[in-house]
Amino acid sequence: MSNDIIHIRNLEGAQILDTLNCAAISERFFNRSRAWFIQRLNNNLVNGKPASFSPEELLRLRTSLRVIASEITDFTTHIPNIPTDMSIKVYVIDNPNAIEFFVNDDLEGFKQYLSEEDMLDFPEPEYFDTEAEALAFCSGIGYGTNERATPDHYPLRSNEEVDRPFIEAIESY
């Protein structure tokens, strides 16, 4: 394998390399120059032969890119999630009386309940950029050992048509 030329740029997803700082990668992870790194990425001719990463260098490249991916993921958790008009709101309700109205799809009863109670406290919603994120957050909420019993917690999602009227009633409360 050491004599085989690895064409990194031909691998699926290699276009991501165009967005990375190759000089920083080569210096940080290989202690080499940008030129050395680029020669291997592009299989440039060096001493009359196409340059390629050795098996050990490929392992280091894979590890380096995983480290960078992890650092990017960690960084994104520090970027504030500011709600937009396209965000999906999720209210997780733990009031057993309110949950009964949601389970029974009784909007009018819920509105009546709200009008009679002046001390209800509903949590602030969580905001998500995608339906998949909201669904992942909601998975498992409200189910205990007996799924036929009324759940302890009930998620209301703004992207669900049946939940929107209940959310509007909560927000108007």
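All values below were derived from every heavy atom in this structure, side-chain atoms included, with hydrogens, water molecules and symmetry-related copies excluded.
With sequence neighbours left out, the salt bridge (charged side-chain N to carboxylate O under 4.0 Å, His left out) criterion links D118 to no other residue. Remark: N159 pairs with I88, E131, R157 by the side-chain contact (heavy atoms from CB on, under 4.5 Å) rule, at least two apart or across chains. Residues satisfying the side-chain contact (heavy atoms from CB on, under 4.5 Å) criterion with R60, sequence neighbours excluded, are F30, S64. Legend: residues meeting side-chain contact (heavy atoms from CB on, under 4.5 Å) with V103, ordered by chain and number and at least two apart, are I99, P151, Y154.
Linking ILVMFWY residues whenever their side-chain heavy atoms come closer than 4.5 Å, directly or via other members, leaves V162 and V90 in distinct clusters. Cluster annotation: M86 and I79 are assigned to distinct hydrophobic clusters (Ile/Leu/Val/Met/Phe/Trp/Tyr, side-chain heavy-atom contacts under 4.5 Å, transitive). The hydrophobic clustering, which links ILVMFWY residues whose side-chain heavy atoms are closer than 4.5 Å, places F137 and L135 apart. The hydrophobic clustering, which links ILVMFWY residues whose side-chain heavy atoms are closer than 4.5 Å, places L65 and V67 together.
Looking at I8 and L58, their side chains come closer than 4.5 Å, going by heavy atoms from C-beta outward. Put simply, the side chain of P55 does not reach to within 4.5 Å of the side chain of L59, judged on heavy atoms. Here the side chains of D106 and Y113 are not in contact, with every heavy-atom distance at 4.5 Å or above. N43 is listed as a side-chain neighbour of H7, based on a closest heavy-atom distance under 4.5 Å. In this structure, R9 and L17 have side chains that are in contact, with non-hydrogen atoms separated by less than 4.5 Å.
Annotation: the span from L41 atom CG to D18 atom CG amounts to 9.5 Å, rounded to 0.5 Å. Taking CZ from F37 and CZ from F53, the interatomic distance works out to 4.5 Å, rounded to the nearest 0.5 Å. Distance check, rounded to the nearest 0.5 Å: CD of E133 to OH of Y127 gives 15.0 Å. We find the CZ-CG distance between F110 and N104 to be 13.0 Å, quoted to the nearest 0.5 Å. Rounded to the nearest 0.5 Å, atoms CG (N21) and CD1 (I68) are 9.0 Å apart. Atoms CZ and SG, from R40 and C22 in turn, are 13.0 Å apart once rounded to the nearest 0.5 Å.
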* To do: Start with the C-alpha distance between F122 and L114, add both sets of side-chain angles, then the distance that settles side-chain contact (heavy atoms from CB on, under 4.5 Å), and finish with yes or no.
  => CA-CA 11 Å; F122 293 104; L114 292 178; 3.7 Å; yes
* side-chain contact (heavy atoms from CB on, under 4.5 Å) between F101 and N95: does it pass, once the steps are laid out? -> CA-CA 10 Å; F101 294 109; N95 178 306; over 6 Å; no
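The two residues S87 and S158 come nearest to each other via the heavy atoms O-OG, 4.1 Å. The two atoms that bring I16 and T19 nearest to each other are O-OG1, 2.7 Å, heavy atoms only.
Counted within 6.0 Å of CG on D74, heavy atoms from surrounding residues, nucleotides or ligands total more than 12; the atom is thus considered enclosed. By the 6.0 Å contact criterion, CD on E161 is open, its count of non-hydrogen atoms from other residues, nucleotides or ligands being 12 or less. Within 6.0 Å of the CD atom in E124, the count of heavy atoms belonging to other residues, nucleotides or ligands does not exceed 12. Within 6.0 Å of atom CG in N10, more than 12 heavy atoms from other residues, nucleotides or ligands are found, so the atom counts as buried in its surroundings.
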Identify each donor-acceptor pair in which a side-chain atom of residues 166-173 lies under 3.5 Å from a protein atom, sequence neighbours left out, and give them as a table.
unit_1, atom_1, unit_2, atom_2, d
E171, OE1, K89, NZ, 3.3
E171, OE2, K89, NZ, 2.5
E171, OE2, Y91, OH, 2.8
S172, OG, E168, O, 2.9
Y173, OH, E117, O, 2.8
Y173, OH, L120, N, 3.1

Distance-only donor-acceptor hits, side chain of residues 44-52, under 3.5 Å, sequence neighbours excluded:
unit_1, atom_1, unit_2, atom_2, d
S52, OG, I6, N, 2.8

